[in-house]
2 protein chains.
Amino acid sequence: MARVTLQTIADRLGVSRATVSYAFSRPDQLSDGLRRRILEVADELGYAGPNPTARSLRLGRAGALGMIFSETLAYAFADPYAVGFFQGLATAAEDAGVGLCILPLPHGDRRSETVRDAVVDSFCVMSLPDGHPALAEVFARKLPVVMVDEPYVPGHPFVGTDEPTAAATAARHVLELGHRRVGVAMVGLHDDGYTGWASQERQESALFEAMRRRRGGYQRAFEEAGVDWSGVPFYEVARNTRAAGKKAGHALLGCDPRPTAILTNTDVLALGVLDAASDLGLDVPGELSVVGFSDSAAEDAGLTTIRQAKREMGEATGRLLLSGAAAKPERLIFPHELIVRTSTAPPPRSPRR
Amino acid sequence: MARVTLQTIADRLGVSRATVSYAFSRPDQLSDGLRRRILEVADELGYAGPNPTARSLRLGRAGALGMIFSETLAYAFADPYAVGFFQGLATAAEDAGVGLCILPLPHGDRRSETVRDAVVDSFCVMSLPDGHPALAEVFARKLPVVMVDEPYVPGHPFVGTDEPTAAATAARHVLELGHRRVGVAMVGLHDDGYTGWASQERQESALFEAMRRRRGGYQRAFEEAGVDWSGVPFYEVARNTRAAGKKAGHALLGCDPRPTAILTNTDVLALGVLDAASDLGLDVPGELSVVGFSDSAAEDAGLTTIRQAKREMGEATGRLLLSGAAAKPERLIFPHELIVRTSTAPPPRSPRR
DNA sequence: TTGTATGCGTTATCAA
DNA sequence: TTGATAACGCATACAA
């Protein structure tokens with residue numbers, strides 16, 4: 001009973017392969033009695049049902065949507081923004097009755113052909129740095145692709161946020177509250193593992209387009225408000241974790257003069273900054289204002305943040321891919337919204353030193 | 001340029017299909033010049049590379065691991081326990097260089113053949129209620145399967161927690177603190193959407209094995225402590241959300257006499273109970289102790305809980321499936337641990353009424 | 001180093 | 001209602 005196929009069953013019953021196929025895939029094309037007999041024998045022989053791969057080959061469809069992240073999967077699933085997006089994407093897949101295939105990319109010197117070998121009908125590519133080799137592999141497959149957040153490839157469908165405007169909104173919020181000594185903590189600019197102060201040049205040459213533009217939004221808001229951007233302490237961290245945020249917070253709060261407000265490009269980082277403030281006994285928002293980004297972990301902590309429609313973005317991406325509309329190079333920019341909670345307030349009148 | 005295959009390229013160059021195949025899959029079997037020419041023509045013709053489905057059929061492997069939940073995917077991704085498990089599973093898939101294919105199950109009257117059609121080499125089945133039809137569909141595929149948490153199917157590999165003991169540990173904790181008026185809030189016993197008080201009979205007939213056993217652990221601890229279980233108010237909710245936990249909290253805290261401690265079977269529910277306590281102006285843990293489960297959302301809130309090794313469980317499941325060891329009916333029970341934080345304390349001396 | 005032939009397990013077409 | 005045949009696109013044993 002090594003391998004039982006349609007043919008095995010056909011032979012056993014003295015009918016043709018096609019007939020057996022009908023018994024499984026087109027029940028209405030067969031007399032009831034014969035069908036029952038076929039199913040019976042199939043069961044008896046331990047037939048596992050029509051082989052999905054063969055079926056897929058014949059039918060020309062995989063029944064699955066491929067999803068690609070730049071980071072390790074453990075990291076991706078630890079990111080509330082990504083998980084939120086995921087919820088939406090999964091919902092779309094669910095509605096269409098197709099699988100959602102998460103494709104790990106090789107990291108370090110590990111080798112892997114997942115993109116080349118993935119049995120999928122389309123790809124969702126999220127947050128890949130400029131020039132990442134996986135992007136070329138994806139395009140080589142000549143399947144529908146939707147890019148999410150970054151990179152934007154002209155001529156291809158894209159789903160994302162108006163990064164500069166969203167970031168500027170966050171920055172303007174603290175500037176309008178009256179803050180003039182503002183620090184910035186960002187993650188996801190480069191993928192070289194660097195954590196520390198980032199020069200203007202390093203900021204501008206960020207590998208990840210979305211974060212690069214987000215940073216540009218901060219700068220623009222400062223310039224429009226007539227606040228000197230070059231004096232803004234800018235701390236970059238390598239990983240989007242609370243611990244990294246705390247480290248950034250301590251670095252920034254150690255500046256002289258100490259910032260009265262800190263902008264971060266993720267909520268997770270912002271939580272870490274709050275930890276640092278707490279370590280130093282600083283009152284938030286009395287002595288320090290903190291702004292997050294994406295509203296993915298902000299509510300309980302009372303964090304002011306920029307809300308993004310992560311779930312809707314995921315769902316839209318899925319529908320684009322599954323409806324075949326991904327053929328057209330649509331560009332879907334989802335709205336964002338400043339959510340003011342209790343982590344921001346005007347700066348103290350005479351700040352402690 | 002409808003469809004370009006190996007044959008198209010072979011014809012164009014006047015070589016055989018096999019030669020072209022070699023150019024892609026066995027570069028060493030070919031002269032460098034010919035290989036380059038082939039690749040060139042392939043590029044020119046817009047060849048997308050060897051068709052993964054055909055390749056998969058020929059090779060007899062899919063290069064993907066299938067994953068099944070009982071809930072909608074949006075719900076699964078909102079559950080921190082599931083996401084934690086996922087991190088581990090994804091890590092294993094990543095290490096093995098295979099895809100992780102999430103397979104939505106049909107819900108409501110929706111029809112879907114995802115399990116039957118999934119191009120995967122094995123299945124991970126998580127938290128399916130007893131008798132769920134998807135389980136039969138999975139077994140019909142005759143592929144390696146690992147069940148996680150529930151149901152346990154004798155003769156098949158299983159990864160889970162010692163539910164009764166873990167639950168008893170949680171219950172014993174509050175009993176040993178001196179609580180005698182304890183309420184219980186649980187989710188995931190049935191899938192009929194019911195929210196409200198649950199009779200003893202309804203508790204015992206819970207559809208989900210893990211939660212049924214977890215509840216049994218609570219009861220056992222009470223009986224061993226000589227506390228009357230039948231007097232324990234037991235509130236059941238349909239969804240694992242903070243809002244549902246809050247509702248349960250209000251119901252339980254409305255009892256007379258009011259419980260001085262509440263056990264919940266998820267952290268998310270416990271957070272909701274804390275919300276309810278806050279609504280009523282109850283001090284935690286001064287006037288009310290709360291215990292969660294799984295340590296998935298507990299830390300910030302200072303919640304006492306049972307820590308489960310979700311990520312390790314996911315990784316172990318993946319390795320079982322990917323190493324081929326899933327052939328043996330291994331039964332991996334992962335350790336749990338009571339984490340005491342600041343949501344539990346002895347009951348008040350003379351509790352308010 | 002390259003070509004030939006065959007099989008992987010289905011399903012669709014068309015004829016009986 | 002059922003059967004024969006031809007794809008689907010590829011990889012491999014074997015021969016040249």
Side-chain angles (χ1 to χ4, degrees), chain A residues 1-39 41-42 45-63 113 116-121 141-143, chain B residues 2-39 41-42 45-63 113 116-121 140-143:
Chain A
M1 63 172 281
R3 178 154 251 80
V4 29
T5 73
L6 287 185
Q7 188 69 69
T8 322
I9 302 173
D11 290 350
R12 177 67 154 261
L13 275 152
V15 300
S16 89
R17 210 157 67 213
T19 305
V20 181
S21 175
Y22 278 148
F24 286 94
S25 307
R26 310 282 300 267
D28 47 316
Q29 301 292 307
L30 223 54
S31 73
D32 229 47
L34 180 53
R35 171 153 191 270
R36 190 164 18 235
R37 265 190 20 248
I38 291 178
L39 260 33
V41 170
L45 257 39
Y47 180 56
N51 179 310
T53 306
R55 196 159 204 278
S56 175
L57 176 60
R58 179 62 238 233
L59 262 30
R61 33 162 262 122
E113 257 76 41
R116 182 157 78 75
D117 292 344
V119 179
V120 299
D121 299 310
R141 289 288 303 269
K142 317 233 172 204
L143 292 176
Chain B
R3 178 153 251 80
V4 30
T5 74
L6 288 184
Q7 188 68 70
T8 322
I9 302 172
D11 290 350
R12 177 67 154 261
L13 275 151
V15 301
S16 88
R17 211 158 68 212
T19 305
V20 181
S21 175
Y22 280 148
F24 286 94
S25 307
R26 312 282 300 267
D28 48 317
Q29 299 293 309
L30 224 54
S31 73
D32 229 48
L34 180 53
R35 172 155 190 270
R36 188 164 20 236
R37 264 194 16 252
I38 291 178
L39 260 34
V41 170
L45 257 38
Y47 181 54
N51 178 308
T53 306
R55 201 180 153 74
S56 175
L57 176 61
R58 177 66 233 238
L59 261 30
R61 33 162 261 122
E113 258 74 42
R116 182 157 80 76
D117 292 344
V119 179
V120 299
D121 299 309
R141 290 286 305 267
K142 317 234 173 206
L143 292 175

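Convention: sequence-line order gives letters A, B, ...; per-chain numbering from 1. Keep in mind the model is a prediction, meaning the values are calculated, not measured.
The interatomic distance linking B:I38 (CD1) with D:dA11 (P) rounds to 13 Å, in whole Å. Going from atom CG of A:D121 over to atom P of D:dC8 covers 18 Å, rounded to whole Å. Distance CG (A:L57) to C1' (C:dG7): 13 Å, rounded to an integer number of Å. One can place CD of B:Q7 at 10 Å from P of D:dC10, the figure rounded to the nearest angstrom. Computed from coordinates, the B:R36 CZ to C:dT2 P distance equals 13 Å when rounded to whole Å. Across the protein-nucleic acid pair, A:R58 atom CZ and D:dA6 atom C1' stand 8 Å apart, rounded to whole Å. The separation between B:N51 atom CG and C:dC8 atom P is 18 Å, rounded to whole Å. A straight line from CG of A:L45 to P of C:dG9 spans 14 Å, rounded to a whole angstrom.
Within residues 23-30 of chain B, the residues having any heavy atom under 4.0 Å from DNA chain D are, by residue number, B:S25, B:R26.
Checking each of A:V41, A:I9, A:T8, A:I38 against A:Y47 for a side-chain contact (heavy atoms from CB on, under 4.5 Å) leaves exactly one that passes, namely A:I9.
Side-chain N/O atoms of A:R17 and base N/O atoms of C:dT10 include a donor-acceptor pair closer than 3.5 Å.
Under 4.0 angstrom from either OP1 or OP2 of D:dA13 there lies no side-chain N or O belonging to B:Y22. For the OP1/OP2 pair of D:dC10 and a distance below 4.0 Å, the side-chain nitrogens and oxygens of B:T53 include no atom meeting the criterion.
In plain terms, the two heavy atoms of B:N51 and B:T53 that are nearest each other are OD1-N, 2.7 Å. Taking both residues in full, the closest heavy atoms of A:R116 and B:P52 are given as O-CG, 3.4 Å, listed atom of the first, atom of the second, then distance. B:S56 approaches B:V119 most closely through the heavy-atom pair OG-CG1, 4.3 Å.
Each of B:G14 and A:T5 has a nearest nucleotide on DNA chain C; the 5'-most of these lies closest to B:G14. When the nearest nucleotides of DNA chain C are assigned to B:S31 and B:A54 by heavy-atom distance, the more 5′-ward of the two goes with B:S31.
With distances taken from any side-chain atom of B:R3 to the nucleotides D:dC8, D:dG9, D:dT12, the minimum falls on D:dG9. In this structure, of D:dC10, C:dT10, D:dT2, it is D:dT2 that holds the atom nearest to the side chain of A:L34. Nearest nucleotide to the B:S16 side chain, out of D:dT2, D:dG9, C:dT4: C:dT4. Distances were taken from every side-chain heavy atom of A:L6 (C-beta onward) to each of C:dT10, D:dT2, C:dA5; the shortest belongs to C:dT10. With distances taken from any side-chain atom of A:A18 to the nucleotides C:dT10, C:dA12, C:dG3, the minimum falls on C:dA12.
Looking at heavy-atom distances under 4.0 Å, B:G33 makes no contact with the nucleic acid at all.
A distance of 8.0 Å separates CD of A:E113 from CZ of B:R55, quoted to the nearest 0.5 Å.
Looking at A:R141, its side chain never comes within 3.5 Å of a backbone N or O of B:A48 through a donor-acceptor pair. Using a distance-only test at 3.5 Å, with no hydrogens or angles considered, no donor-acceptor pair links the side chain of A:D121 to the main chain of A:R61.
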Taking only distance into account, with no hydrogens and no angle test, what donor-acceptor pairs under 3.5 Å do side-chain atoms of residues 11-22 of chain B form with protein atoms, sequence neighbours excluded?
unit_1, atom_1, unit_2, atom_2, d
B:D11, OD1, B:Q7, NE2, 2.9
B:S16, OG, B:A18, N, 3.2
B:S16, OG, B:T19, N, 3.3
B:S16, OG, B:T19, OG1, 3.2
B:R17, NH1, B:Q7, OE1, 3.0

